[in-house]
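Residue numbers start from 1 in every chain, and the chains themselves are labelled A, B, ... in the order their sequence lines are given, proteins ahead of strands.
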Amino acid sequence: MTVLEIEVADCSEAIERCHAEGWTDGLPVVPPTDVLVDRYAAASAWAPDAVLLREPVRGVEVTAAAVIVNCVLAGCLPEHLPVVGAALRAMDHPDFRVHIAVSSTGGPAPVVIVNGPIRETLGMNGSGNLFGPGNRANSSIGRAIRLVLRNCLGALPGVLDQATQGWFGKFSACFPEREEASPWEPLHVRRGFPASTSTVTVLATESSHSVLTRSGVTADMILFTATDVLRTLGSHSDGQGYLVFSPEHARILADEGWTVPAIQAHLFDGSRRTIADLRRGGRLDLPIIDGDDVRTRPRARVPSDILVAVGGSDAGCCSAWFPSWSRGRASVAITAPVAADGPAVSSEPGPADAPGLGDDPAAGSTQGVSA
Amino acid sequence: VITLRLVSPLAPHDGPSPVLAARPTSLAGAVVGLLANSKANSGEILDLIAAELVARHGVAEVVRVMKPHPSVPAAEDSLRTLVEQVDVVITAIGDCGSCSTCTMHDGLALEKRGIATAVLLTEPFTPAGRAIAALDGVPEYEFAVLPHPTAGLAGDELVAVAKLAANQVESLLLPKP
């Protein structure tokens, strides 16, 4: 790694130098001195030249040594490194298609959900304001991932990050599932991991859409509102999404007998839009042809594409839908164990059999369409 | 005053610089490959450019290849078909973040295999194209820049843009005067 020797009067001058070098997200960073970087490297289990993330279009391989510097910049503690590494390994999976997620005009953020015992070890916050600021581990792990994308994949706004608007999750988007407040199996267990295994799941998404009801509602009311949110034309596609239920919503649903597969099946069917609407709204190509007012397409490929998790404080009927951003199925959720020796798990069916990526005309195909 | 040694967070990138393909002295009698990325109007604009080159230079034959996904690099068999069958390639259209960079990547992949290639991007994606060329070790690699957007154009408007593109393609594929 290149070392820059600087003479400064105090720490603030070192921070200013990091801004001037173009290494930051616009907020102050921890200056990555060789002393700090060496300390983090010694605490990590990684060989310095281990490759954690490859991006074939840029022809870039991101090594552990570079990731460690960005973790220091982001304000991570050394014990956060395995979670950052796991998220990067997940994004390295070919089905994540990191190039598209990082470069797209649609401007998604890689949103990381942490499951398993490491949530508690790191003191992560899955309760009130879990998507917002205030927790060291949530904030700095998510920020480290963004700084890796910026500094190692050249994701500079207007250059190799071509987001037309982007969203605030691109600063940092990492939170744990509040498994203890969930009436259901946690996300990583439904994706094939033991409950005792710590994992990260990464999906590139838009900002969250609110599923807000008043208190004292019924399961039917929650699902009616959630269905309407999933049907929204502006982010309708055959991609995936995270549906994060607040504990109160989850309790109401479970008390009335709703399981996760039943919720997924219900929303999958309810999220259908007519092909005519998708064409009118510019989601699919015109012209509208005979039958388009009858044929429909759900907002997913299969019901399990609606990835359910639980998070938030005890009180409040606010849930959130984080839809994948692309017009097609450019990228899917990948789950990776935090321990470095386990393989990452993709979603089935993944992008390999996707009919549409971005503006692919095949997005108008009849896959997933029902009369 | 204190002295600090800051470690750069940038990923070192020191691959060998590729050599760009030699340019043919003329397009007369040449076989031109058209690598469309399946974005709207990508195939249409390439056909119009090819027609211009046939009329202006006596291009002999056109080989068309369509990528199934605009934001995924061209498949190995697509590249091989082009390398085996054509003299030069034109590829279009980079008009979004992930497809402009992939279009540049495809162009450079063909250059590395000895095929002079003209890449077409729309204007807003010029910085993305330059960044990919620089990462690939050839910051001097030039490409055609078209007004954005090209996706909704039809009829005379599309023909006019194709003529503009053909002028740039000529200078990208033929030796500098």
Only one of A:Val57, A:Leu160, A:Ile100 clears side chain to side chain contact (heavy atoms under 4.5 Å, CB included) with B:Ser98; which?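 Going through A:Val57, A:Leu160, A:Ile100 one by one, the side chain to side chain contact (heavy atoms under 4.5 Å, CB included) with B:Ser98 is satisfied by A:Ile100 alone.
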side-chain contact (heavy atoms from CB on, under 4.5 Å) partners for A:Ile15, two or more places apart: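 Applying side-chain contact (heavy atoms from CB on, under 4.5 Å) to A:Ile15 gives A:Cys11, A:His19, A:Pro28, A:Pro31.
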Name all residues meeting the side-chain contact (heavy atoms from CB on, under 4.5 Å) criterion together with B:Gln168; count only those two or more places apart in sequence or in a different chain, and write none if there are none.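 Residues passing side-chain contact (heavy atoms from CB on, under 4.5 Å) with B:Gln168: B:Ala144, B:Val145, B:Leu146, B:Leu164.
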[atom1] ([X]) with more than 12 external heavy atoms under 6.0 Å:
| X | atom1 | answer |
| --- | --- | --- |
| B:Glu170 | CD | yes |
| A:Asp10 | CG | yes |
| A:Arg54 | CZ | no |

Considering only heavy atoms from C-beta outward, does the side chain of B:Leu6 approach that of A:Thr33 to under 4.5 Å?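 Touching, per the 4.5 Å side-chain cut-off.
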Would you mind reporting whether A:Arg58 and B:Ile132 have side-chain heavy atoms less than 4.5 Å apart?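 Yes. Closest side-chain heavy atoms under 4.5 Å.
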Check [X] against [Y] and note the closest heavy-atom contact, atom names and distance.
| X | Y | result |
| --- | --- | --- |
| B:Pro127 | A:Val159 | O-CG1, 3.8 Å |
| A:Asp34 | B:Val7 | CA-CG2, 3.7 Å |
| B:Leu10 | A:Met1 | O-CE, 3.5 Å |
| B:Pro9 | A:Cys152 | O-SG, 3.6 Å |

Got a second to check how far B:Cys96's SG is from A:Gln162's CD, nearest 0.5 Å?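 It is 9.0 Å, given to the nearest 0.5 Å.
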If you count heavy-atom pairs under 4.5 Å with chain B, which of A:Thr2, A:Leu36, A:Val37 comes out on top?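 Winner by heavy-atom pair count: A:Thr2.
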For A:Gln165, which residues count as a side-chain hydrogen bond (donor to acceptor under 3.5 Å, both in side chains) partner, sequence neighbours excluded?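 None.
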Region of A:Leu73 in contact with chain B, defined by heavy-atom distances below 4.5 Å: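 The side chain, not the backbone.
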Quick check on the structure: residues of residues 100-121 of chain B within a heavy-atom distance below 4.5 Å of chain A, by number.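 Answer by number: B:Thr101, B:Cys102, B:His105.
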